[in-house]
Amino acid sequence: MGNYMTMVAAQDAAALEEVKNEVTPTLPFKAPEPMSGAQALMEALIAEGTEVIFGYPGGAIMPTYDALFDYMDRLDHILVRHEQGAGHAAQGYARTSGKPGVCLVTSGPGGTNLVTPIADAIIDCTPLVCIIGQVKSTLLGTDAFQETDIIGVTTPVCKWNYQITNPDEVPEVMAKAFYIAKSGKPGPVVIDFTRDAQISKMTKEYQYKKLDGLFSYKPRIVPKDEHLEKAAQLINNAKKPYILFGHGVLISEAMEELKAFAEKTDIPCASTLLGLSAMPIDHPNYVGWLGMHGNYGPNVLTNQADVIIAIGMRFDDRVTGDATKYIKQAKVVHIEIDPSEIDKIIKADAPVVGDAKEVLKRLLPLVKANNHSTWRNEFKKYDVIENQKVTERELKPEGEIKMAEVVRMLSQKTNGEACIIADVGQHQMIAARYYQFKNPHSYIASGGLGTMGFAIPASFGAKKGAPDREVVAFIGDGCFQMTIQELGTIAQSGLAVKLVILNNNYLGMVRQWQQLFFEKRYSFVELQNPDFVTIAKGFGIAGHTCSDRENLSDSLDTLLKSDKAYLLEVIVEKEENVFPMVPSGASVTDIRLD
Amino acid sequence: MTTYTICIFTENTFGLLNKITIIFTRRRVNIESLTVSETERKGVSRYTITIKHDKREEVEKLVRQIRKVIEVLAVFGYLDDEIVYNEIALFKIATPSGGKPIDIETINKVYKAWVVYWGLDYVVIEKAGNENEILDFFRYIKSYGILEFVKSGRVAVGKAPNGLVEFLPEEAHWEYYV
């Protein structure tokens with residue numbers, strides 16, 4: 001006699017199996033559990049190819065963070081130390097990866113802390129999708145805990161914003177958000193996501209459809225033929241044509257098209273600050289960069305060219321100086337994706353609205369092959385003067401270490417191939433002047449808004465977007481202390497960014513202005529700095545200080561050889577000034593060399 | 001200073017009024033009048049905004065900035081001679097017993113205004129017309145004692161032979177009102 005209980009159990013099991021086999025195929029299709037708003041958001045992020053979220057949790061966004069827990073294997077998340085860090089990191093990521101950076105923060109202070117990066121991203125055309133928690137929709141307008149009208153706050157500084165109060169809206173709104181963020185002139189979008197919409201279930205099946213246009217918004221990519229013809233005519237008849245290119249070339253990945261265009265027409269090309277690295281510095285048509293601290297020839301000669309071809313740039317006041325004395329002699333071809341930029345600052349004789357890549361591709365067969373070597377040589381004459389008066393002086397190994405030496409030495413050691421992040425101020429200009437860029441997407445800085453504190457978060461964001469590249473950030477001692485807490489994020493995320501503090505114990509750019517334009521009345525610009533290396537060590541990041549020229553080369557080697565994040569503090573000359581300089585409100589022709 | 005009338009067609013979504021007005025305030029342009037209404041196409045709103053400005057090119061820039069708002073479908077800027085425009089005003093006039101009687105004939109025939117409500121000791125007169133016509137009537141009726149006066153913003157249609165909705169994006173499949 002066998003074990004009765006076992007027998008029964010076996011029988012039951014068999015019976016059960018039988019029933020299962022019989023019933024399972026005929027079971028009616030069971031609809032999947034409806035998704036919550038937060039889950040739908042996760043699915044939408046994955047559908048848009050999001051790899052990483054930069055964020056910081058809090059009350060109103062907790063349901064979304066709870067959903068993220070289940071998506072950890074598919075969505076990476078970097079926990080920053082302050083929401084501003086999340087925003088700038090997402091900007092750095094977007095600038096190296098070309099994809100929209102995604103931020104996830106909570107309501108109230110979480111959202112308001114993100115406002116600076118949003119304002120930075122709109123002016124520098126960086127695609128961001130910022131998801132901000134919001135109080136329950138029933139509490140809207142009641143001054144609930146951590147309630148801020150984030151739609152109202154962000155409207156002036158974002159490309160588009162929307163408040164989601166119903167989970168059913170999530171797929172459609174997210175598709176719109178990503179399309180708007182990355183199309184046309186890219187920019188930040190804000191999604192204000194109420195807590196109840198995150199929690200509650202969708203009433204319809206989740207379906208996601210990526211967008212490639214909206215009724216009310218579909219930027220022109222392909223230019224009009226008549227615009228191209230008019231532009232080509234001006235270019236072909238020009239004696240002294242001059243290309244000014246900007247960030248638009250990098251955004252539309254038009255580097256090769258620009259090169260081909262410049263080579264065929266033999267036109268000299270100068271870059272704006274954010275256009276840097278779109279053309280390799282050793283290209284024969286590349287003459288330097290424009291603007292307040294740009295190169296001598298490129299600035300002065302804008303007022304001698306007869307045709308200006310502006311590509312993906314917007315004639316910022318830092319580029320034009322006094323706009324009433326800017327390129328008055330020249331006809332202007334303005335290639336721009338955003339029609340509102342046409343005639344905004346400088347009247348265009350031949351506007352071409354379209355994507356820089358498409359425009360240059362279509363313009364190429366319409367322009368004549370030409371030789372402008374005499375005109376191009378004009379630039380070289382100015383280069384000689386600039387070299388004698390500025391560059392040689394700044395690179396001369398004499399006295400205290402100069403910022404320029406550090407940047408140039410690092411440029412040589414990295415063969416001009418590193419991705420340079422700069423903060424805001426003198427070191428930003430010096431990094432732009434002395435790093436010899438070879439590859440595109442290699443100069444990432446806050447251009448339009450000039451946000452101090454940009455570099456630390458942007459550096460690890462950039463590294464996340466381009467993990468195989470060497471990412472080096474040049475940061476001033478003032479800037480470093482604005483987002484110093486993000487050292488913690490670097491340590492925790494293990495992203496191997498190299499930070500270089502160029503320490504002159506001053507808010508150097510302000511001090512320079514006070515020296516030059518305010519009779520050396522140094523009003524609150526000297527800093528009592530902490531021991532940066534000890535602070536970094538406290539965060540778990542190795543580093544050292546270099547104050548002697550003899551150690552500079554070895555110090556940079558140590559920095560570059562480290563396989564982890566590393567901080568190098570270089571003590572530089574206290575009262576170094578950045579030249580050339582177009583004084584604020586002066587014409588580019590009045591550029592100063594000392 | 002020249003008066004410009006800006007007609008804006010938008011999707012009918014939340015919070016759009018704010019997105020449009022901040023474009024004016026940021027550039028220190030004062031809005032003289034503003035009217036928002038539905039259009040002959042469902043889901044499309046029409047804003048009519050009047051401003052005074054002395055530089056035409058600045059107004060053109062403003063128009064392009066408005067077009068940049070994602071939900072905006074089309075923007076048109078007009079001078080007064082390019083449009084047919086009107087406003088509507090309501091006057092609440094005291095008619096106490098024993099007071100000066102209002103002259104309905106003059107109101108109707110000279111000023112093309114109508115009494116739209118008879119109260120016990122007041123009337124409400126509606127006057128439609130352009131700013132000057134309304135001002136003229138205001139001057140006339142003032143002596144009767146104005147209890148309340150209110151005036152709408154300008155509404156305007158272009159003098160061009162076609163309708164402005166024809167300029168809206170072609171892809172839009174807006175439902176027409178019957």
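Chain letters run A, B, ... following the sequence lines, proteins first, then strands; residues in each count from 1. Quick caveat, the model's predicted, so the values are computed rather than measured. Computed over heavy atoms, backbone and side chain alike; hydrogens, waters and symmetry mates excluded.
For chain A, the nearby parts of B:Lys19 are the backbone and the side chain; heavy atoms of each come within less than 4.5 Å. Of the two parts of A:Ile151, neither the backbone nor the side chain holds a non-hydrogen atom closer than 4.5 Å to a non-hydrogen atom of chain B. With a threshold of 4.5 angstrom between heavy atoms, A:Lys176 approaches chain B through side-chain atoms but not through N, CA, C or O. Both the backbone and the side chain of B:Ile70 come within contact range of chain A, judged by heavy atoms closer than 4.5 Å. Contacts of A:Asp338 with chain B are made by side-chain atoms alone, with heavy-atom separations under 4.5 Å and no backbone atom involved.
B:Phe149 has its ring centre less than 6.0 Å from the ring centre of B:Phe138. Taking the six-membered ring for Trp and the full ring otherwise, A:Tyr217 and A:Tyr179 have centroids separated by under 6.0 Å.
B:Arg154 pairs in a side-chain hydrogen bond (donor to acceptor under 3.5 Å, both in side chains) with only one of the listed residues (B:Thr3, B:Thr50, B:Thr5, B:Asn130), which is B:Thr5.
Residues A:Glu341 and A:Arg314 are not paired through a salt bridge, judged by the lack of any N-O separation under 4.0 Å between the basic side chain and the carboxylate.
Ring geometry for A:Trp160 versus A:Tyr162: interplanar angle under 30°, hence parallel rather than tilted (30 to 60°).
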